[in-house]
Q: 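Let me give you the structure first, and then I'll get to my questions.
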Amino acid sequence: MDTLSSSFLQNYSLSPFLPFQFKTPIRADASSSPPARTQLHTTKQSKTSQITGTKKHSNLLANLFKSLDGFICNFVDPPLGPAIDPKLVLTGNYAPVDELPPTVCEVEEGSLPPCLDGAYIRNGPNPQFIPRGPYHFFDGDGMLHCIRISKGKPTFCSRYVKTYKYNMEREFGSPVVINYFSAFTSLPASVARCAVYFSRVVSGQYDIRRGTGNANTSLAHFGGKLFALCESDLPYAIKITSDGDIITLGRDEPFSLPLMSMTAHPKVDKETGDVFAFRQSVFRPYLTYFRINADGIKQREVPILSMPEASLTHDFVITKNYAIFPNTQMEINPKGILKGKQLALVDGAKVPRLGIIPRNAEDDSGMMWIEVPGLNLLHATNAWEDDDGDTVVVVGPNLLQVEHFLDRMDLVHSSMERIEINLKAKTVERRPVSPRCLEFAVINPACVGKKTKYLYAADGWPFASSGLVKIDLSLSTANSDDCVVASRLYGPNCYGSEPFFVAREPNNPAAEEDDGYLVTYVHNENTKESKFLVMDAKSPNLEIVASVKLPQRVPYGFHGLFVREDELQKLQ
């Protein structure tokens with residue numbers, strides 16, 4: 001399959017699990033081929049963080065580097081594996097779409113509840129250029145797909161996050177920044193790509209101090225701002241206009257130094273307004289923890305000096321008194337590049353650990369590391385304290401068969417687990433809460449760091465799941481082998497991704513935890529159409545209360561967020 005020709009791919013598209021399995025041919029369709037790139041929308045930029053390049057670059061030099069890139073792709077790269085071959089990865093609903101200005105939508109079923117007045121935005125990879133060389137699903141430019149609802153009337157819009165990387169590559173007319181998850185295919189190719197990239201930086205074509213990330217992972221709302229995030233860069237501030245358009249305001253640099261980054265999964269304490277975050281690095285300290293106060297001002301950093309290597313720490317959780325970090329078998333190892341390996345690797349001999357540090361720590365002297373064999377948490381759903389603070393409970397999907405994480409994720413089973421840590425005895429008890437493959441799990445956002453009864457998860461492959469389930473975690477203490485209490489299948493050949501919970505009465509402290517709605521985008525592989533679904537979180541079958549037909553398909557992607565109308569009005 002590595003050497004499939006373009007003519008073959010015109011006749012066969014692949015299943016929704018496309019980037020990681022290659023088994024099921026289905027009928028040809030024009031939408032299966034990556035679309036041509038068209039003129040993109042120009043947005044306003046921040047006064048304090050201008051993104052667009054101010055220097056006109058030599059066309060001769062730009063063309064030279066572009067030619068060298070082409071030479072590496074055509075003559076230095078080995079045959080590409082199916083997980084990084086763009087002719088295979090960017091097919092079907094993984095293929096990129098063009099930007100779409102605000103477009104009025106049709107509510108084709110039910111009606112949109114009043115609490116959904118606001119905007120649901122979902123992030124995901126959407127490369128602006130069809131790659132000539134290796135490309136992994138995780139490498140694409142960030143595109144935000146937003147449905148803004150006003151008095152029950154929806155408007156849909158898709159826009160790129162106008163990162164520094166995006167704008168500079170658009171100016172050059174081709175990719176410039178190395179794809180972290182796919183570029184290092186062999187030692188000769190890795191050395192050649194690094195040399196070209198270094199030459200671009202030295203020649204002044206690209207200023208790495210202004211960012212290398214693609215802002216394609218998630219969104220966060222805190223400190224009066226709305227951000228698009230990825231863990232290889234600082235947050236990018238965005239704004240949703242009154243007509244539903246998306247504007248990139250600029251790279252928000254107060255959270256760190258120019259060459260630093262921030263997690264794509266900060267945790268917001270709804271009661272205090274404090275935000276807890278971290279960044280990782282390939283250099284020591286490999287992990288740095290910090291807090292952002294309710295006014296959006298970053299506080300003192302806490303380097304975690306006891307972290308012995310650069311682990312791929314993608315997510316973490318907080319409780320009332322602690323922050324908990326997974327130290328998994330997934331590592332970031334620059335030395336592997338010198339051996340012709342990828343930057344991200346899996347160390348099968350390593351014993352995973354959980355690191356527990358006081359939430360308001362001034363240094364890492366109070367960091368406690370506890371070994372948890374076989375626990376690989378890419379995402380962590382929530383955590384809280386029990387037994388008067390003597391026990392910490394963590395809930396999240398554990399990646400089994402983690403060795404296939406980057407190349408065959410269809411072989412990875414995500415087991416949703418409840419992990420109880422006795423802080424005095426330093427012992428761990430674990431139990432799965434369902435035999436299903438569950439990932440991309442969410443809770444009521446008001447319950448972050450608190451004891452949670454319900455979670456909602458994508459059922460099956462997370463980027464293209466066949467449905468979602470509701471888990472009652474109170475059943476997990478009664479030795480129940482399946483705590484699923486409600487589920488919803490999207491229908492034949494229909495696939496969605498991460499849901500998001502929206503409370504029906506967000507300002508009512510007496511409201512029940514599950515009194516609200518689940519929202520997500522769902523794509524129909526048969527009709528090639530996408531919908532916005534609203535489901536009743538309290539109903540036993542997660543009943544659909546509204547369905548909105550979207551004017552353009554939404555490619556499978558990552559994480560989303562809902563922002564209420566009154567919050568949109570206050571965005572800085």
Side-chain angles (χ1 to χ4, degrees), residues 265 267 269 271-272 274 276 278 287 289 291 302 304-309 311 313-330 349-400 402 414-435 438 441 443-444 447-455 457 471-483 513:
H265 290 291
K267 304 303 176 186
D269 187 320
E271 288 188 358
T272 66
D274 285 343
F276 299 86
F278 67 94
L287 184 69
Y289 170 57
R291 179 174 65 90
V302 180
I304 308 300
L305 301 176
S306 56
M307 176 77 86
E309 71 285 305
S311 172
T313 306
H314 179 68
D315 200 357
F316 78 128
V317 281
I318 61 170
T319 68
K320 180 180 179 181
N321 294 297
Y322 300 102
I324 300 99
F325 293 90
N327 181 209
T328 70
Q329 293 175 303
M330 297 172 281
K350 176 181 174 181
V351 178
R353 305 183 300 169
L354 288 175
I356 305 170
I357 190 171
R359 193 166 101 159
N360 294 318
E362 295 291 326
D363 56 48
D364 74 336
S365 61
M367 190 75 165
M368 178 192 305
W369 290 102
I370 299 178
E371 291 189 349
V372 192
L375 182 66
N376 287 287
L377 295 178
L378 180 66
H379 295 111
T381 307
N382 198 26
W384 64 86
E385 297 165 34
D386 268 346
D387 303 328
D388 296 323
D390 290 341
T391 300
V392 167
V393 180
V394 177
V395 179
N398 179 25
L399 298 183
L400 308 179
V402 69
S414 294
S415 174
M416 189 65 65
E417 291 191 17
R418 175 192 177 106
I419 304 116
E420 295 183 6
I421 307 153
N422 186 307
L423 299 181
K424 289 185 175 181
K426 295 186 179 180
T427 57
V428 178
E429 290 187 10
R430 298 162 56 187
R431 59 175 68 91
V433 299
S434 173
L438 303 178
I443 59 171
N444 183 329
C447 296
V448 170
K450 300 178 181 179
K451 189 168 186 176
T452 312
K453 183 174 183 181
Y454 298 111
L455 67 82
I471 296 280
D472 183 346
L473 292 170
S474 68
L475 301 177
S476 64
T477 60
N479 295 321
S480 172
D481 59 356
D482 193 349
C483 304
E513 183 186 320

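In this chain, numbering begins with 1 at the start of the sequence shown. Just so it is clear, the values below take in all heavy atoms, side chains as well, and ignore hydrogens, waters and symmetry mates.
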Q: Please report the closest heavy-atom contact between Arg430 and Pro373, naming both atoms and the distance.
A: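 Closest pair (atom of Arg430, atom of Pro373, distance): NH1-O, 2.6 Å.
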Q: Minimum heavy-atom separation for Ser476 to Arg431, with atom names?
A: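 It is O-CD, 2.8 Å.
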Q: Can you list every ring-ring contact (aromatic ring centres under 6.0 Å, His included) pair that touches residues 349-370, not counting sequence neighbours?
A: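 Found none.
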Q: Does the Asp315 side chain pair with the main chain of Ala380, one donor and one acceptor, at a distance under 3.5 Å?
A: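 Yes; judged by distance alone, with no hydrogens or angles, the pair exists.
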Q: Please step through side-chain contact (heavy atoms from CB on, under 4.5 Å) for the pair Val402 and Thr328, ending with a clear verdict.
A: CA-CA 10 Å; Val402 69; Thr328 70; over 6 Å; no
Q: Does a side-chain heavy-atom distance below 4.5 Å link Tyr322 with Leu423?
A: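 Contact flag for Tyr322/Leu423 side chains = yes.
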Q: Just by modelled atom types, is the Val392 backbone N or O under 3.5 Å from a matching donor or acceptor in the Asp386 side chain?
A: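 No; judged by distance alone, with no hydrogens or angles, the pair does not exist.
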Q: For Thr272, does its backbone N or O pair with a side-chain atom of Asp269 as donor and acceptor, under 3.5 Å?
A: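 Checked: pair present.
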Q: Mind running side-chain contact (heavy atoms from CB on, under 4.5 Å) on Glu417 and Leu375 for me, showing each step along the way?
A: CA-CA 9 Å; Glu417 291 191 17; Leu375 182 66; 4.1 Å; yes
Q: Working to the nearest 0.5 angstrom, can you tell me the gap between Thr381 OG1 and Leu455 CG?
A: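 Result: 6.0 Å between the selected atoms.
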Q: For residues Thr391 and Glu420, is any side-chain donor paired with an opposing acceptor at under 3.5 Å?
A: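 Not at all, the side chains of Thr391 and Glu420 share no donor-acceptor pair under 3.5 Å.
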Q: Give me the atom names and distance for the closest heavy-atom approach of Val317 to Val394.
A: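 What the structure gives for the nearest pair is CG2-CG1, 4.2 Å.
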Q: Apply the side chain to side chain donor-acceptor pair (under 3.5 Å) test between Thr319 and each candidate in Lys451, Lys450, Glu385; give the one that qualifies.
A: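 Going through the options one by one, the only one that passes is Glu385.
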Q: Does the pair Asn321 and Arg359 meet the rule for a side-chain contact (heavy atoms from CB on, under 4.5 Å), with working shown?
A: CA-CA 5 Å; Asn321 294 297; Arg359 193 166 101 159; 5.6 Å; no
Q: If you look at every heavy atom in Phe316 and Pro326, which pair is closest and at what distance?
A: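 That closest heavy-atom pairing would be CA-CD, 4.2 Å.
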Q: To the nearest 0.5 angstrom, please state how far the CG atom of Asn444 sits from the CD atom of Glu513.
A: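 One finds 6.0 Å between CG of Asn444 and CD of Glu513.
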Q: Where do Phe325 and Ile357 land on the side-chain contact (heavy atoms from CB on, under 4.5 Å) test, with the steps shown first?
A: CA-CA 8 Å; Phe325 293 90; Ile357 190 171; 4.1 Å; yes
Q: Write down the atom of Leu400, the atom of Ser415, and the distance for their closest heavy-atom approach.
A: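 Closest approach of Leu400 to Ser415: CD1-CB, 4.1 Å.
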Q: Without hydrogens or angle criteria, can the side chains of Ser474 and Asp472 be said to hold a donor-acceptor pair below 3.5 Å?
A: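 Yes - a donor-acceptor pair under 3.5 Å links their side chains.
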Q: So, using side-chain contact (heavy atoms from CB on, under 4.5 Å) as the criterion, who are the partners of Lys350 when residues are at least two apart?
A: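 Checked Lys350 against side-chain contact (heavy atoms from CB on, under 4.5 Å); matches are Glu309, Ser311, Asn327, Gln329, Glu331, Asp347.
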Q: Show the nearest heavy-atom pair for residues Leu354 and Leu377, with the distance to one decimal.
A: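 Scanning both residues, the minimum pair turns out to be CD2-CD1, 4.4 Å.
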Q: Taking Asn398 for the side chain and Gly374 for the main chain, is one N or O donor matched with an acceptor at less than 3.5 Å?
A: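 Yes, Asn398 side chain to Gly374 backbone: donor-acceptor pair under 3.5 Å.
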Q: Which residue pairs pass the ring-ring contact (aromatic ring centres under 6.0 Å, His included) test with at least one member in residues 372-392, sequence neighbours excluded?
A: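 Only His265-His379, His314-His379, His379-Phe440, His379-His559 qualify under ring-ring contact (aromatic ring centres under 6.0 Å, His included).
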Q: Using modelled atom types and a 3.5 Å cut-off, is there a donor and acceptor pairing between side-chain atoms of Asp364 and backbone atoms of Met367?
A: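 Looks like no, no N/O pair under 3.5 Å.
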